[in-house]
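The shown structure was predicted, so the numbers you read here are calculated from the model rather than taken from an experiment.
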Amino acid sequence: MSNRYAVVLAAGQGTRMKSKLYKVLHPVAGRPMVEHVINQINTVHLNKVVTVVGFGADKVKERIGSECEFVVQEEQLGTGHAVLQAEELLKDKEGTTIVVCGDTPLITGETYQDLFQHHERTGAKATVLTAKAPNPFGYGRVIRNKATNEVERIVEQKDANEEELLVDEINTGTYCFDNQALFHALQNVSNDNSQGEYYLPDVIEILQKEEEKVSAFMTTNFDETLGVNDRVALAQAERLMKHRINEKHLRNGVAIIDPDHTYIEPDVEIEADTIIYPGSILKGNTVIKENCAIGPHSEITNCYIGEGTIVKQSVASDSKLGNDVKVGPYAHIRPSSSIGDEAKIGNFVEIKKTELAEKSKVSHLSYIGDADVGRNVNIGCGTITVNYDGKNKYLTTIEDDAFIGCNSNLIAPVTVGKGSYVAAGSTITKDVPEDSLSVARSRQTNKEGYASKIKNRQKD
């Protein structure tokens with residue numbers, strides 16, 4: 001196998017996106033478009049990746065800096081001019097260079113590999129990736145020689161005549177070139193066209209005139225070649241990527257009840273026999289083990305979820321949930337929390353930066369933040385760990401087998417000892433010793449007949 005290189009075109013400003021965000025950084029399934037492209041192109045084992053950037057270059061470098069080298073296209077003078085910016089890094093190399101667009105996030109590594117293999121097998125100096133378009137409007141047309149069926153030239157929409165506009169085989173904007181032939185031909189590309197730009201497809205015609213072999217590889221999946229130039233296309237790419245990801249999980253044994261209303265980002269891992277109910281959103285580096293039930297309408301980001309865990313109508317982020325945990329409905333597990341096996345986080349409970357050990361329960365209407373909770377602890381309804389004094393956060397420790405009564409305030413820093421009871425309605429400001437009952441509330445006073453006096457006064 002010859003050496004392989006890539007040039008990623010990511011310099012366009014994307015004015016049609018109507019956005020301040022640099023075009024190729026617009027996300028598809030939670031990941032910038034250009035990152036999808038680079039991740040897929042790297043699966044074909046390249047010697048070097050060069051990304052051509054322009055407006056917003058620093059933000060692109062910040063996102064994908066470790067993945068490739070960068071060159072800057074100062075003026076937007078067309079795709080041919082953009083590739084020419086990589087000349088200093090690649091012109092002396094021997095091998096094959098693939099040129100890809102940073103706004104084509106759906107092309108798979110398998111398609112890139114097939115294109116490389118076709119190019120190298122045919123011995124062509126240039127190979128264009130093509131597709132049959134149901135509606136080719138806006139795309140460059142691939143014009144073939146009627147006698148030999150070989151690629152003759154590629155004509156942009158704005159420069160095509162009536163006959164050429166009827167052609168439905170389109171240029172996807174992805175090419176393989178003999179590297180030295182590419183940079184040789186680029187020296188002869190003209191900007192004599194309606195846009196006054198240097199078009200990369202003109203390299204095809206130049207090589208043809210030099211009697212070099214030009215080939216085409218047609219992908220069977222037109223949707224994969226979608227280029228994102230506006231918000232409409234971005235939404236199409238999102239839909240197609242969602243379908244692709246969900247289908248992968250379905251084939252791996254995950255039950256997705258309604259794939260059209262389930263959003264799963266690319267890095268999420270889900271084991272077989274887990275059920276994902278409609279309206280669920282799974283993001284980031286989330287791992288969900290087998291036999292779980294997620295949703296409906298749960299949002300989980302960067303979490304590890306153990307076997308058999310249920311998360312109903314709840315939000316969890318940057319946390320770890322053990323096996324057979326029950327969460328929700330309407331619970332919120334905030335970052336840096338760890339929930340032990342067989343624990344329960346009930347409805348309208350908020351957990352933040354808390355260790356909740358095995359078989360402990362916070363069943364409803366509580367806030368537990370900056371806390372270390374032991375095993376077999378029962379935390380009653382309306383309990384609050386009062387962790388913040390306006391400047392600093394403090395730790396609440398509740399040891400194994402403790403029982404916290406309803407409507408209790410635990411003023412941190414404070415420790416409730418092993419096996420202790422806190423009476424309902426207490427405000428705890430001092431440590432509670434092991435095996436103790438702590439009552440911290442005013443003694444009840446009943447004033448008989450007082451309610452009648454109030455009612456009579458209101459009538460007067």
Problem set entry | Heavy-atom neighbours of His332 NE2 exceed 12 at 6.0 Å | yes

### Message
Could you tell me if the side chain of Val37 sits less than 4.5 Å from the side chain of Thr104, heavy atoms only?
### Response
yes

For Ile107 and Gln40, the nearest pair of non-hydrogen atoms, with its separation, is O-CG, 3.5 Å

Around Lys213, counting heavy atoms of other residues, nucleotides and ligands shown, do more than 12 lie under 6.0 Å from its NZ?
yes

dist Phe116:CZ -> Thr96:OG1 (nearest 0.5 Å) comes out at 6.5 Å

**Prompt:** If you measure from the Lys or Arg side-chain nitrogens to the Asp or Glu carboxylate oxygens, is any gap between Glu299 and Lys283 under 4.0 Å?
**Reply:** yes

- Message: What I want to find out is whether Arg251 reaches Glu247 closely enough, with some N-O distance under 4.0 Å, to be called a salt bridge.
- Response: yes

Is the closest side-chain heavy-atom distance between Glu271 and Cys292 below 4.5 Å?
no

Using a 4.5 Å cut-off on heavy atoms from C-beta on, say whether the side chain of Ser19 contacts that of His26. yes

Scanning both residues in full, the closest heavy-atom pair of Glu150 with Val214 reads OE1-O, 3.1 Å

- request: For Lys359 and Asp341, run salt bridge (Lys or Arg N to Asp or Glu O under 4.0 Å): C-alpha distance rounded to whole Å, both residues' side-chain angles, the deciding distance at 0.1 Å, then the answer.
  value: CA-CA 6 Å; Lys359 299 185 178 180; Asp341 296 345; over 6 Å; no

Residues passing the side chain to side chain contact (heavy atoms under 4.5 Å, CB included) test with Glu164, sequence neighbours excluded, are Ile143, Arg153, Val155, Ala160, Asn161

Would you call Arg334 and Glu350 a salt bridge, taking side-chain N to carboxylate O under 4.0 Å as the test? yes

| field | salt_bridge(Glu169, Arg141) N-O dist < 4.0 Å | value | no

Item checked: Side-chain donor-acceptor contact under 3.5 Å, Asn252 with His249 -> no

- [ ] Flag the pair Lys326 and Glu342 as a salt bridge only when some basic side-chain nitrogen lies within less than 4.0 angstrom of an acidic carboxylate oxygen.
- [x] no

- Task: Measure up the Tyr330 and Phe348 rings against each other and bin them: parallel (under 30°), tilted (30 to 60°), perpendicular (over 60°).
- Result: parallel

Side chain to side chain contact (heavy atoms under 4.5 Å, CB included) test vs Thr383 passes for just one of Ile398, Val362, Ile368, namely Ile368

Show me the side-chain donor-acceptor pairs of residues 370-378 shorter than 3.5 Å, one per line, residues at least two apart or across chains.
residue	atom	partner	partner atom	Å
Asp370	OD1	Lys352	NZ	3.4
Asp370	OD2	Lys352	NZ	2.6
Asp370	OD2	Asn387	ND2	2.5

Q: Could you please spell out the steps behind the side-chain hydrogen bond (donor to acceptor under 3.5 Å, both in side chains) verdict for Asn135 and Tyr139?
A: CA-CA 9 Å; Asn135 177 12; Tyr139 289 93; over 6 Å; no

- Query: Under 4.5 Å between any side-chain heavy atoms of His118 and Ser215, yes or no?
  - Reply: yes

Would you list the atom pairs, donor with acceptor, under 3.5 Å between side chains in residues 46-59 and any protein atom, with sequence neighbours excluded?
residue	atom	partner	partner atom	Å
Asn47	OD1	Arg4	N	2.8
Lys48	NZ	Glu69	OE2	2.7

